[in-house]
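All ligand and atom numbering here is 1-based and tracks the order in the structure.
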Amino acid sequence: MSNIPKSLKEKLQRNADYVSLVQRDCQISKEDGTRKYLFELSDGNFVESVMMRYEYGISVCVSSQVGCKMGCRFCASTLDGWLRNLTPSEILDQIYAISKDMGERVGHVVVMGTGEPLDNFDNLLKFIELLTDENGLNISQRNVTVSTCGIVPKIYELADKQLQITLALSLHASSQEKRKELMPVANSFDLSEVLKACDYYFEKTGRRMSYEYSLIAGQNDRDEDVRELVELFAKKNCHINLIPVNPIKERNYQSSSKEAVFAFKNKLEKNGINVTIRREMGRDIDGACGQLRRRHLESSRP
Ligand code: SAH
């Protein structure tokens, strides 16, 4: 820019980053056009983001941290541990970069990539503020979903902000005992406490909770799991999203069969639970959280 004073240029150079990420890879699914991007941050770290196309437009899934410390057993993002939080602009830039690459406006954003968003709380809030600002991308809060493994005090804090975003809880089990086997975070917060916090979120914001449940063959797809889920959720105004687990090579979790997934859904529905099966997208391109970044890290290791 030649139309700003030299002193301002110097000040900007000292204080502001112009580009926070550079595209290093993009895999395009032959099945459904889903795109998985690998971005390099200015400190040499990598994050991944995903673009999915729905009838209502483009949805982008962003990462909130470099790596993750939550340790969920079936998740690839956590295998190399946690390195650092992303800044608000690094989360936001994933959306700008994808929008530019696609030549299209992004309509929906899900914070469901690598990292635990409520473990990067202040930056998450700033990111949402920038994302939804009318002078920015002006995306409606209602088109933003934040997914958490269940950090109870932060769910209360988020609820008190009274935003209109959707909160999704990664549930994955129908009892405290079973949840502990899959998600170490359950050692810190009992399932009953987590669900109470989710009820509070609904009360405070009027936004219906979404519960994510990844189906693992023989582990959480049995009749006993249906029974326990019905006990927990039949009386709640909420939505359960079933996701056949996306197997990662480091763990031997098998996805429930298609038939088992549909049977599970039907049984919940019969008991009055509002339930959908998540459309699986981009399976042919390392679709599961953290797989692309991990593959890149592995191939660049000496
Ligand atoms: N830390 C946040 C957001 C990132 S993970 C959270 O836990 O919600 C986004 C969602 O993908 C979570 O529900 C997570 O449990 C799920 N997930 C991670 N790895 C998966 C896999 N291999 N198969 C299916 N779902 C997976």
Side-chain angles (χ1 to χ4, degrees), residues 34 36 47-50 52 59-82 85-86 91 94 109-121 123-124 127-128 144-152 154-155 158 165-173 178-186 188-189 191 194 197-198 201 209-217 219-221 239-256 261 264 276-283 285-295:
T34 296
K36 189 140 199 182
V47 289
E48 55 182 62
S49 327
V50 184
M52 293 154 291
S59 174
V60 168
C61 172
V62 293
S63 291
S64 56
Q65 296 180 318
V66 182
C68 185
K69 56 176 105 136
M70 296 300 142
C72 299
R73 303 272 183 250
F74 45 82
C75 181
S77 290
T78 203
L79 292 168
D80 290 302
W82 175 89
N85 285 331
L86 292 185
I91 310 176
Q94 298 170 53
V109 172
V110 295
V111 188
M112 284 195 189
T114 296
E116 169 48 47
L118 299 193
D119 184 42
N120 186 14
F121 194 74
N123 289 351
L124 173 79
F127 156 71
I128 294 170
V144 178
T145 299
V146 169
S147 177
T148 178
C149 62
I151 300 181
V152 168
K154 293 294 173 190
I155 296 178
L158 185 66
I165 61 172
T166 299
L167 184 63
L169 176 83
S170 297
L171 178 71
H172 306 318
K178 287 183 232 169
R179 198 162 184 264
K180 254 172 35 187
E181 283 168 25
L182 293 173
M183 304 175 72
V185 69
S188 310
F189 306 107
L191 180 58
V194 180
C198 293
Y201 187 85
M209 280 297 304
S210 203
Y211 295 94
E212 291 159 280
Y213 195 94
S214 294
L215 284 159
I216 306 171
Q219 280 228 3
N220 63 3
D221 63 351
H239 170 232
I240 296 186
N241 203 0
L242 301 175
I243 315 157
V245 82
N246 204 339
I248 56 173
K249 69 175 190 319
E250 294 80 359
R251 304 268 188 267
N252 59 355
Y253 289 121
Q254 303 297 322
S255 172
S256 309
V261 173
F264 199 83
T276 50
I277 300 173
R278 160 105 46 100
R279 220 173 103 203
E280 290 174 70
M281 298 174 97
R283 274 231 171 176
I285 53 164
D286 296 330
C289 291
Q291 279 186 330
L292 176 61
R293 169 171 173 266
R294 191 166 157 79
R295 205 166 52 84

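With a 4.0 Å heavy-atom cut-off, ligand 1 is reached by the side chain of His172 but not by its N, CA, C or O. Residue Glu212 touches ligand 1 through its side chain alone, judged by heavy-atom distances below 4.0 Å. Neither the backbone nor the side chain of Thr114 comes within contact range of ligand 1; no heavy atom lies under 4.0 Å.
Remark: among candidates Ser63, Ser64, Pro117, Cys75, the nearest residue to atom 18 (C) of ligand 1 is Cys75, based on non-hydrogen atoms.
Near Cys149, meaning under 4.0 Å from one of its heavy atoms, ligand 1 places the atoms 6 (C), 7 (O), 8 (O). Proximity to Gly115 (heavy-atom distance under 4.0 Å) selects the following atoms of ligand 1: 1 (N), 2 (C), 3 (C), 4 (C). Close approach to Gly113 involves these atoms of ligand 1, each under 4.0 Å from a residue heavy atom: 4 (C).
Ring geometry for His172 against Tyr213 counts as tilted: the plane angle lies between 30° and 60°, on a 0 to 90° scale.
With no hydrogens or angles considered, no side-chain donor-acceptor pair links Glu116 and Ser64 at under 3.5 Å.
Under a 3.5 Å cut-off, the side chain of Asp221 and the backbone N or O of Phe264 do not form any donor-acceptor pair.
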Quiz item: Would Lys154 and Thr148 satisfy side-chain contact (heavy atoms from CB on, under 4.5 Å), going step by step from the backbone distance to the final call?
Solution: CA-CA 10 Å; Lys154 293 294 173 190; Thr148 178; over 6 Å; no
Exercise. Please lay out, stage by stage, how Thr114 and Val47 fare under the test side-chain contact (heavy atoms from CB on, under 4.5 Å).
Key: CA-CA 8 Å; Thr114 296; Val47 289; over 6 Å; no
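The distance from atom CD1 of Ile155 to atom OH of Tyr201, rounded to the nearest 0.5 Å, is 10.0 Å.
The distance criterion of under 3.5 Å between nitrogen or oxygen atoms is not met by Pro244 with respect to ligand 1.
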